[in-house]
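Worksheet for the structure shown next.
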Amino acid sequence: MSQSSTKWSFWNAILFLCGVIVLIGVSTFLAILLLQHFRDPTQLWAAISTVFTLFGALLALAAAVALVSLAVSYLSLNGKLQQAQVYLAQARLHLDEYNQLSHQKNEIERKVHDLLRLYDGLSEQPHVSEVNHIKSLIKQVLTSEAADFEARLLARAVQQDWQAKQAFNAASTQENETAWQQAAQQWQQAGVLWQMVLAAVPEFLQLGQQKHFLATQLNQALALKNAAAFNGTDRQPEFYRRLHDLYLPLLLTEKSKDGELNQMIHYAAHQSGIQAYQEGEVLWQQGSQNLAEVRQKWFYAQQYFQKALEMNENNVESAYQWGNLLEREARLVAQSDSQKLPEARQLWLAAREKYRMALDVDEQRTEAAFNWGNTLTDEATALVQTSTEHLAEARILWQSAREKFAQALDITPEFDAAAHNAGMTFNKEADAVLQINQNADEARSLWKQAGEHFQAALEINKNRFETANSWGLVLAKEADLLVQLDEANVGEAQRLWQLAEQRFHRALEIEPNLQAAAANWRTILYHEISVLGDDNAAKRDLLLVAREKVAALALVSPQHEQSVLVQELADFIQKKINELENVNVLQPPVAQFRPVTSAD
């Protein structure tokens with residue numbers, strides 16, 4: 001309406017000017033005509049007066065029309081001006097409201113930014129004031145009318161993440177399945193919220209929120225692992241599947257410039273490797289005859305360990321565990337089929353390479369040097385079991401193994417397992433040399449060196465019953481060898497058997513349920529009796545001494561007194577004593593006691 005009025009006033013003014021011009025032109029034209037028509041001045045003047053009177057009337061009418069038009073225009077403009085002032089006032093009001101809303105929105109954005117910054121920088125044991133400040137910011141964002149959906153979602157995600165952390169800490173103190181399950185559920189809810197945040201926030205904010213989401217996956221996985229510790233093994237397949245689903249988002253994430261993100265990816269890859277390693281081990285321990293299925297699990301484990309090392313090439317633990325996996329796989333392959341020994345050797349070689357990687361990063365990693373020695377020992381043993389032609393190479397491997405065990409002892413002098421395993425390499429080498437080369441002197445020399453290492457292991461750990469038993473075994477084997485070589489060596493053999501008995505006695509003193517020590521002790525008693533010939537008195541004295549030693553075992557502890565093995569050993573000795581006494585009463589000795597090598 002205002003635009004139409006303005007156009008109307010404008011065209012009226014134009015028409016008025018045109019009318020004035022036309023009027024002047026017509027008047028001039030008429031004047032010229034009058035001058036030519038009326039020669040008499042009186043008539044001319046009368047005609048002119050009439051014309052100009054008409055002209056004046058017309059002019060007055062035009063002026064009146066113009067004045068009316070101007071008045072209308074003025075009134076219209078004045079109304080427009082007032083309306084414009086109203087519009088301006090309304091615009092100023094809306095501008096104030098917009099500025100206020102914009103300020104409130106900026107304030108919310110600042111609070112959300114402060115909330116994320118404070119939460120990301122929160123320490124493991126935050127101060128109460130920090131926690132209260134974070135809670136206050138969360139409440140302000142959630143209750144503000146100016147907060148949009150994204151801001152509320154971020155605040156809710158931080159709130160749930162904090163609740164999950166509290167539940168996790170509570171579970172750590174309670175240590176029960178229910179608490180860990182609740183913590184896992186809290187992390188699951190936090191993960192859903194962070195995933196929603198990822199879909200809602202701008203791209204430049206997604207990296208930070210992605211780390212929060214991935215952290216919820218890791219923490220949920222850890223809570224589930226702790227809960228599974230209370231379940232036994234019947235739910236392990238379900239447990240492994242859930243863990244795989246949680247680790248998968250991290251495993252699919254590529255390496256980035258963000259060190260914290262890479263560290264999370266590395267952790268997930270390493271844990272996935274350990275999990276796949278354990279899955280294969282569980283399959284094998286449960287009696288799976290499908291080695292290919294077990295190895296398939298371990299193949300996946302190797303892929304995960306490789307990704308972990310890609311994320312962190314200085315990761316000692318992944319390299320070490322990868323070596324353990326390869327060493328275990330090599331042993332199973334070698335045991336499954338002697339024809340697969342070359343493949344097993346490649347696996348042992350690969351395992352040693354992983355141990356080398358671990359030691360290159362951390363030269364103090366005792367277990368890496370120790371297990372390196374174990375791979376060499378296993379390979380050497382497999383070689384001589386496959387063919388006698390491999391003895392020379394096997395002896396080189398045993399020597400290399402002892403060097404690695406020595407390295408482990410140099411790193412950790414109290415590492416008794418290294419001294420024990422070094423002794424076992426001498427024992428294995430002595431058996432191979434005696435069996436293949438028939439070299440008794442060299443075998444005895446190796447057994448003596450084995451004994452020295454067993455002694456060193458027991459000096460480090462006097463309660464290592466396996467070492468005491470192994471030491472007794474090499475002494476017994478040397479004694480048996482001496483008797484086989486020459487009956488004149490019986491005296492030295494008896495001395496060695498007595499030393500062996502002391503070791504078996506010590507092993508049973510430490511562990512009353514050690515089947516091997518009881519069987520070995522019973523076997524050497526057979527051998528000692530057999531070499532005494534017709535001297536029943538000496539046999540009886542020998543058995544009486546042994547009975548006293550076994551009786552002393554029963555007095556060590558209630559566990560020893562209740563040990564079936566100790567009782568069986570005592571019954572065996574008493575039976576032999578009774579047999580000797582019956583022989584003395586009923587009949588004279590007529591034959592030697594036949595040597596018995598079985599422990600039956």
Side-chain angles (χ1 to χ4, degrees), residues 156-172 175-199 206-256 258 260-283 296-312 315 317-318 321 325:
R156 184 69 185 90
V158 172
Q159 184 182 51
Q160 181 59 44
D161 202 274
W162 174 253
Q163 291 175 357
K165 285 183 179 179
Q166 295 297 100
F168 192 91
N169 293 335
S172 300
E175 287 295 337
N176 61 69
E177 181 184 357
T178 302
W180 284 118
Q181 289 287 3
Q182 291 175 351
Q185 292 174 2
Q186 292 286 343
W187 282 120
Q188 183 179 15
Q189 295 174 16
V192 171
L193 288 171
W194 284 119
Q195 199 167 20
M196 293 174 63
V197 167
L198 276 173
Q206 288 186 357
L207 178 60
Q209 313 323 318
Q210 183 188 28
K211 289 194 294 185
H212 283 296
F213 167 67
L214 296 177
T216 63
Q217 303 300 99
L218 290 182
N219 287 319
Q220 185 182 350
L222 184 56
L224 283 175
K225 287 179 67 176
N226 291 331
F230 298 92
N231 290 329
T233 60
D234 51 333
R235 292 176 58 189
Q236 280 187 340
E238 174 192 356
F239 164 69
Y240 286 137
R241 283 194 299 271
R242 293 182 67 185
L243 282 185
H244 178 73
D245 291 341
L246 291 171
Y247 290 138
L248 187 59
L250 288 121
L251 296 175
L252 296 176
T253 304
E254 297 296 330
K255 186 175 184 180
S256 71
D258 188 284
E260 185 178 358
L261 178 59
N262 290 339
Q263 186 62 28
M264 287 194 291
I265 299 171
H266 157 258
Y267 178 83
H270 176 76
Q271 291 300 322
S272 296
I274 295 293
Q275 175 181 315
Y277 183 11
Q278 291 173 342
E279 285 186 84
E281 189 65 41
V282 168
L283 278 175
Q296 182 68 24
K297 292 289 185 182
W298 287 345
F299 172 77
Y300 292 137
Q302 293 186 59
Q303 304 306 306
Y304 297 139
F305 286 137
Q306 183 174 359
K307 186 173 182 66
L309 288 170
E310 289 174 357
M311 292 297 108
N312 181 7
N315 176 23
E317 190 62 25
S318 292
Q321 293 294 348
L325 183 153

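- Note that CD1 of Ile265 is 10.0 Å distant from CD of Gln263, once rounded to the nearest 0.5 Å.
- Taking NE2 from His244 and CG from Leu251, the interatomic distance works out to 7.0 Å, rounded to the nearest 0.5 Å.
- Scanning all heavy atoms of the two residues, the minimum distance from Thr216 to Gly191 falls at OG1-CA, 3.3 Å.
- Rounded to the nearest 0.5 angstrom, Gln188 CD and Arg242 CZ are separated by 7.0 Å.
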Run the side chain to side chain donor-acceptor pair (under 3.5 Å) check on His266 and Asn315 step by step: do they pass?
-> CA-CA 9 Å; His266 157 258; Asn315 176 23; 2.6 Å; yes
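- Contact record, Phe168 with Asn219: CE1-O, 4.0 Å, taken as the closest heavy-atom pair.
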Could you walk me through whether Phe299 and Gln303 pass the side chain to side chain contact (heavy atoms under 4.5 Å, CB included) test, one step at a time?
-> CA-CA 7 Å; Phe299 172 77; Gln303 304 306 306; 3.3 Å; yes
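- In this structure, the side chains of Tyr247 and Gln275 come closer than 4.5 Å at one or more pairs of heavy atoms.
- To the nearest 0.5 Å, the span separating CG on Leu248 from OG1 on Thr253 amounts to 9.0 Å.
- The side-chain heavy atoms of His270 and Phe305, taken from C-beta on, include a pair separated by under 4.5 Å.
- When all heavy atoms are compared, the tightest approach of Ala301 to Gly273 is CB-O, 3.4 Å.
- Atom-to-atom distance recorded for Lys307:NZ and Leu309:CG is 12.0 Å, nearest 0.5 angstrom.
- Looking at heavy atoms from C-beta onward, Asp161 lies out of side-chain contact with Gln186 at the 4.5 angstrom threshold.
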Chi angles and distances behind the side chain to side chain donor-acceptor pair (under 3.5 Å) call for Tyr300, Gln296 = CA-CA 7 Å; Tyr300 292 137; Gln296 182 68 24; 3.0 Å; yes
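- Paired with Trp187 under the rule side chain to side chain contact (heavy atoms under 4.5 Å, CB included), one option of Gln160, Lys165, Gln217 passes, and it is Lys165.
- Using a 4.0 Å cut-off between a side-chain N of Lys or Arg and a carboxylate O of Asp or Glu, Glu310 and Lys255 do not qualify as a salt bridge.
- Listed here is the closest heavy atom pair of Ser256 and Leu261: OG-CD2, 3.5 Å.
- For the residue pair Ala269 and Tyr304, the shortest heavy atom distance occurs at O-CB, 3.3 Å.
- A distance of 11.0 Å separates CD of Glu177 from CD of Gln182, quoted to the nearest 0.5 Å.
- Side-chain atoms of Asn312 do not come within 3.5 Å of backbone N or O of Ala308 as any donor-acceptor pair.
- Residues Trp194 and Val158 meet the side-chain proximity criterion, which asks for heavy atoms closer than 4.5 Å.
- A 4.5 Å side-chain heavy-atom check between Gln271 and Lys225 finds at least one atom pair inside the cut-off.
- Scanning both residues, Pro249 and Phe213, for their nearest heavy atoms gives CB-CE2, 4.2 Å.
- Around atom NZ of Lys297, no more than 12 heavy atoms belonging to other residues, nucleotides or ligands sit under 6.0 Å away.
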